[in-house]
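See structure below.
Just so you know, these numbers come straight off a predicted model, no measurement behind them. Every heavy atom of this structure was used, including side-chain atoms; hydrogens, water molecules and symmetry mates were not.
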Amino acid sequence: LHGDHPDHEARPERSDDSGGSWSKSRDFSNDPQRAAAVTEASRADRERYLTAGLLPVDCRFCHVTVTVKRLGPGHTALQWNTEASRRCAYFAEVRESGGDTARTRSCPKMSDSIEHAVAEGYLDDLGPD
């Protein structure tokens, strides 16, 4: 809250007496092995967050592959790679007509392929029962 509070501009004091800017977590600058372990754990967490549950799905029309996580009927996460977005026939049509594929909602053929993968049991529909 902003207002007339005596501690409005106060910053928490650091407990490690190292000076510099305040941070919620230690940087382990005095322990390089620990710093490396924390960096690797953070990288692994980030990778797991970005890729957990993603499965490859091939487009039944133009045979490009994207990774997909079906979170429910109203939400599906897709990760397009450069090669897939370049080879997608629908996106090629959008580019040829002067459109921007970054502003295109999705490829309807890929959406159909994802629905087929759900119907075949390849992708779990994790939505509410």
How about Y122 and P56: do any of their side-chain heavy atoms sit closer than 4.5 Å? yes

In terms of hydrophobic clustering (I, L, V, M, F, W, Y; side-chain heavy atoms under 4.5 Å; direct or indirect links), are M110 and L55 co-clustered? yes

Would you indicate whether the side-chain heavy atoms of V57 and L78 approach each other to under 4.5 Å? no

Heavy-atom pair of closest approach, residues V38 and F28: CG2-CE1, 3.7 Å

Nearest 0.5 Å, what's the CD-CD distance between E93 and E96? 7.0 Å

A side-chain contact here means heavy atoms from C-beta on lying under 4.5 Å apart; do V64 and D58 qualify? no

List the steps and the verdict of side-chain contact (heavy atoms from CB on, under 4.5 Å) for V66 and Q79. CA-CA 6 Å; V66 299; Q79 298 244 343; over 6 Å; no

To the nearest 0.5 Å, what is the distance between SG (C62) and CZ (R87)? 7.0 Å

So do H116 and R60 actually touch side chain to side chain, heavy atoms under 4.5 Å? yes

For F61, the other hydrophobic cluster members (4.5 Å side-chain criterion, sorted by chain and number) are none

One thing to verify: whether E115 and R70 come together as a salt bridge, which I'm taking to mean a side-chain N less than 4.0 angstrom from a carboxylate O. yes

Given S113, which of C59, C107, P108 fulfils the side-chain contact (heavy atoms from CB on, under 4.5 Å) condition? C59

Locate the shortest heavy-atom distance separating F91 from T101; write the atom from each residue and the value. O-CG2, 3.5 Å

Does a side-chain heavy-atom distance below 4.5 Å link V68 with I114? yes

Can you tell me which residue pairs pass the salt bridge (charged side-chain N to carboxylate O under 4.0 Å, His left out) test with a partner in residues 45-54, sequence neighbours excluded? D45-R48

For residues S85 and T82, report the shortest heavy-atom separation together with the two atoms involved. OG-O, 3.1 Å

With the side chain counted from C-beta on, respond yes when T67 and W80 share a heavy-atom pair under 4.5 Å apart, and no when they do not. no

Should we count CD of E83 as having more than 12 external heavy atoms under 6.0 Å? yes

Heavy-atom pair of closest approach, residues C88 and R95: O-NH2, 4.4 Å

